[in-house]
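Written below as structure tokens is the structure these notes are about.
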Amino acid sequence: MKTYSSNLGYLMNVFNISGKQISQYLNIDNSLVSKWKNGQRPLTINTAHLHNLVNFFLEYKNGILLKKVQELLSDLYPNENFNSVPVLTNYLTDFLISPFTPKTYNNKNDYIEYKENNYTYFNFQGNEGRRESVLFFLDQILNEKEPQEILLISQEDMSWLTEDPEFLKIWKNKLQKILWSSHKINIIHWVDRSTQNLGTIVLQWLPLYLSGNITSYYFPKYSDLNYNSTIFIIKNKLVLMGMEGATQKDRYSSLFFDYPTLNHSTWIFNNLLEKCKPLVKIFNSKNKTDFKKMTSEIKEPPGETLYLANFPGFYTMPLPLFIEILEANNLDKETYEKCLILYKKMQVFISTKKRKEIFSKDSVKKIFSSDSYIYKDISMLCDSPIKATKDQVFAHFDFLLNKVLENENYQIALLDEKINIDMFISVDEYVFSWNPKVSTFISILTEPNIIEAFHYDCLNLWQNIPTVDKDAFLLKTRMENLVK
């Protein structure tokens, strides 16, 4: 049961608006909004911020609430026409300053009171509309004080996500905040896509998995669908539903708050989930049980391998050098042995006959210009950073370049861009990924379509690197000049 103390309080509840959103828009203290909402300081025609408060509901997020305000006022004042902004402004002002009639509402019947039981709150069209609706969805999660359970599934093409670089940055930033705030995401990836499209999608998500707060699945049946849909759910609170049209302009997105739609959408998700298989396995490298499970997943790659990182991993150096570095860091016996076990396990990554490795040019230059370097990939297994001297780091990279000169099936390239996530791809077997700067989690994918997609993307990346940055002799010369 929900009791309201003001008309503002009712609006905030119906529209799922927080005091923080209003206070930021009006540039006032949140405590003042709370007093208005709770009837401790009733709104009047003389309230200094009344005009801006009305504008908030009419202009918020480019008018995302406008249609809802029209519907609500039409129910309250059935003889009026609310197609003009001045009329809306006058009546919304009157509604906000009117005394609230004390009455207890049942949350599930709030919408029935205003004929909203199956009401679509907001409708959006096209890719731009999808982006707007997704930002609204993510903001609702960020406004929640308690951790929320989020259910996501999308069968659509993801052009709405990837075609706007600025939006993609905002999307990633908000998702990172959500995941690092302990909200939990259950996601079903639809892997029945083109290889190019699939790789782009999963590559956007993969760094987010390292928060440890995503559980992912894939639907194992591969077939053409008559229509492609999207369902994003904040459990028991909000659902975003969308569908792909014949063109991008025909794509639609809708936000629902009513319980029947929420329950039905959750039922659809759970029904699909029963037919799904786990997609990404997540392991905490500092957890002993997880560590054993993770190392058991490492198998000798049967074919080509690709490796992406800002700098070569600890397991690519010769064993004597690795032991020298470990001993110099004064590790306890248990940690020392753990490091050696992982080193020997991961040696299978470099045992393949054919492999390509891509490193960040800027990172390599920066590391060679420093007096020391911390190997973050092995450090995440220890309680203290594993540090190497400049000479040891040089010896490591020099060892790899000499191997390239000796073996035509082993190649190294330097990429102009920074690499956001370390990744090892064994074609037809698995994809390992980690980012020791972010967390101690390691993810493993084994779904064939995903592996093929990553292989495709990495080969394209390799092909686009200039020849001068793939020539081992030139790279060796440049490296020697850097450390002189």
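A side chain to side chain contact (heavy atoms under 4.5 Å, CB included) with L238 is found for exactly one of L255, I141, T261, namely L255.
In this structure, F311 and V364 approach most closely via the heavy-atom pair CD1-CG2, 4.0 Å. Minimum interatomic distance between W462 and A413 (heavy atoms only, all atoms of both residues): CZ3-CB, 3.4 Å. Residues V33 and L8 share a closest heavy-atom pair of O-CD2, 4.4 Å. Closest of all the heavy-atom pairs between N7 and S98 is ND2-O, 3.2 Å. The minimum heavy-atom distance linking D290 with N284 is given by the pair OD2-N, 2.8 Å. Between G313 and D377, the closest heavy-atom pair is CA-OD2, 3.0 Å.
Here Y25 and F56 bring their ring centres to under 6.0 angstrom of each other. Aromatic ring centres of Y456 and F454 lie farther apart than the 6.0 Å criterion allows.
Comment: E156 engages R130 in a salt bridge, judged by a side-chain N to carboxylate O separation of less than 4.0 angstrom. E128 and R131 are joined by a salt bridge, as a carboxylate oxygen and a charged side-chain nitrogen come within less than 4.0 angstrom of each other.
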Exercise for review: Start with the C-alpha distance between D29 and S31, add both sets of side-chain angles, then the distance that settles side chain to side chain donor-acceptor pair (under 3.5 Å), and finish with yes or no.
Suggested key: CA-CA 5 Å; D29 194 272; S31 62; 2.5 Å; yes

Exercise for review: Run the numbers on N16 and K237 for side-chain contact (heavy atoms from CB on, under 4.5 Å), then give the verdict.
Suggested key: CA-CA 9 Å; N16 201 22; K237 293 182 180 295; 5.5 Å; no

Check your understanding: Do L342 and F314 pass the side-chain contact (heavy atoms from CB on, under 4.5 Å) test, and can you show the C-alpha distance, the side-chain angles, and the key distance before you say yes or no?
Key -> CA-CA 10 Å; L342 187 58; F314 70 92; 3.8 Å; yes

Exercise for review: May I have the step-by-step check of side-chain contact (heavy atoms from CB on, under 4.5 Å) for Y315 and Y375, ending in yes or no?
Suggested key: CA-CA 10 Å; Y315 59 89; Y375 280 89; over 6 Å; no

Practice item. Evaluate side-chain contact (heavy atoms from CB on, under 4.5 Å) for L306 paired with V427, printing each intermediate quantity in order. Key: CA-CA 8 Å; L306 297 101; V427 180; 4.2 Å; yes

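The backbone N or O of L279 lies less than 3.5 Å from no partner atom in the side chain of E447, so there is not a single donor-acceptor pair. Side-chain atoms of S181 never come within 3.5 Å of backbone atoms of H183 as a donor-acceptor pair (strictly under, hydrogens ignored). In this structure, the side chain of S253 does not engage the main chain of F124 through any donor-acceptor pair within 3.5 Å. Between the side chain of S6 and the main chain of K37, a donor-acceptor pair closer than 3.5 Å is present. S439 places no side-chain N or O within 3.5 Å of a backbone atom of N435 that could act as its donor or acceptor partner. For N38 (side chain) and Q40 (main-chain N/O), no donor-acceptor pair under 3.5 Å exists by modelled atom type. At least one donor-acceptor pair closer than 3.5 Å links the side chain of N263 to the backbone N or O of Y259. Using a distance-only test at 3.5 Å, with no hydrogens or angles considered, a donor-acceptor pair links the side chain of S379 to the main chain of I386.
Between S18 and Q21, the side chains place a donor N or O and an acceptor N or O closer than 3.5 Å (distance only, hydrogens not considered). With hydrogens and angles left out, the side-chain atoms of N270 and T266 include no donor and acceptor closer than 3.5 Å. For the residue pair N46/T44, the side-chain donor-acceptor check at 3.5 Å is not satisfied. With hydrogens and angles left out, the side-chain atoms of S159 and N127 include a donor and acceptor closer than 3.5 Å.
Note that OG1 of T440 and NZ of K376 are 15.5 Å apart. Values are rounded to the nearest 0.5 Å. Rounding to the nearest 0.5 Å places CG of N460 at 6.5 Å from CG of N464. Distance check, rounded to the nearest 0.5 Å: NZ of K281 to CD1 of I444 gives 7.0 Å. Rounding to the nearest 0.5 Å places CZ of F269 at 4.0 Å from CD1 of I188. If you take CG on D416 and OG on S360, they are separated by 8.5 Å, rounding to the nearest 0.5 Å. For the atom pair NE2 of H189 and CD of Q155, the computed distance is 13.5 Å after rounding to the nearest 0.5 Å.
Using cut-offs of 30° and 60° on the angle between ring planes, the pair F257 and F136 is perpendicular.
Annotation: side chain of M423 is not in contact with side chain of Y307 (no heavy-atom distance under 4.5 Å). A heavy-atom distance below 4.5 Å is found between the side chains of L11 and L96. The side-chain heavy atoms of Y91 and F82, taken from C-beta on, include a pair separated by under 4.5 Å. For the pair L53/T47, no side-chain contact is recorded, criterion being any heavy-atom separation below 4.5 Å from C-beta on. Within the 4.5 Å cutoff, no side-chain heavy atoms of S265 are placed close to those of W267. I425 has its side chain out of reach of T305: every pair of non-hydrogen atoms, C-beta onward, lies at least 4.5 Å apart. The shortest distance between side-chain heavy atoms of L152 and I233 does not fall below 4.5 Å. Under the 4.5 Å side-chain criterion, counting only non-hydrogen atoms from C-beta, I231 is not in contact with L240.
Judged by the 6.0 Å distance and 45° axis criteria, K68 is not positioned over the aromatic ring of F15.
Open room surrounds CG on N27; 12 or fewer heavy atoms of other groups in view lie less than 6.0 Å from it. Other residues, nucleotides and ligands contribute at most 12 non-hydrogen atoms within 6.0 Å of the CD atom of Q125. Heavy-atom contacts from other residues, nucleotides or ligands closer than 6.0 Å to NZ of K184 number more than 12.
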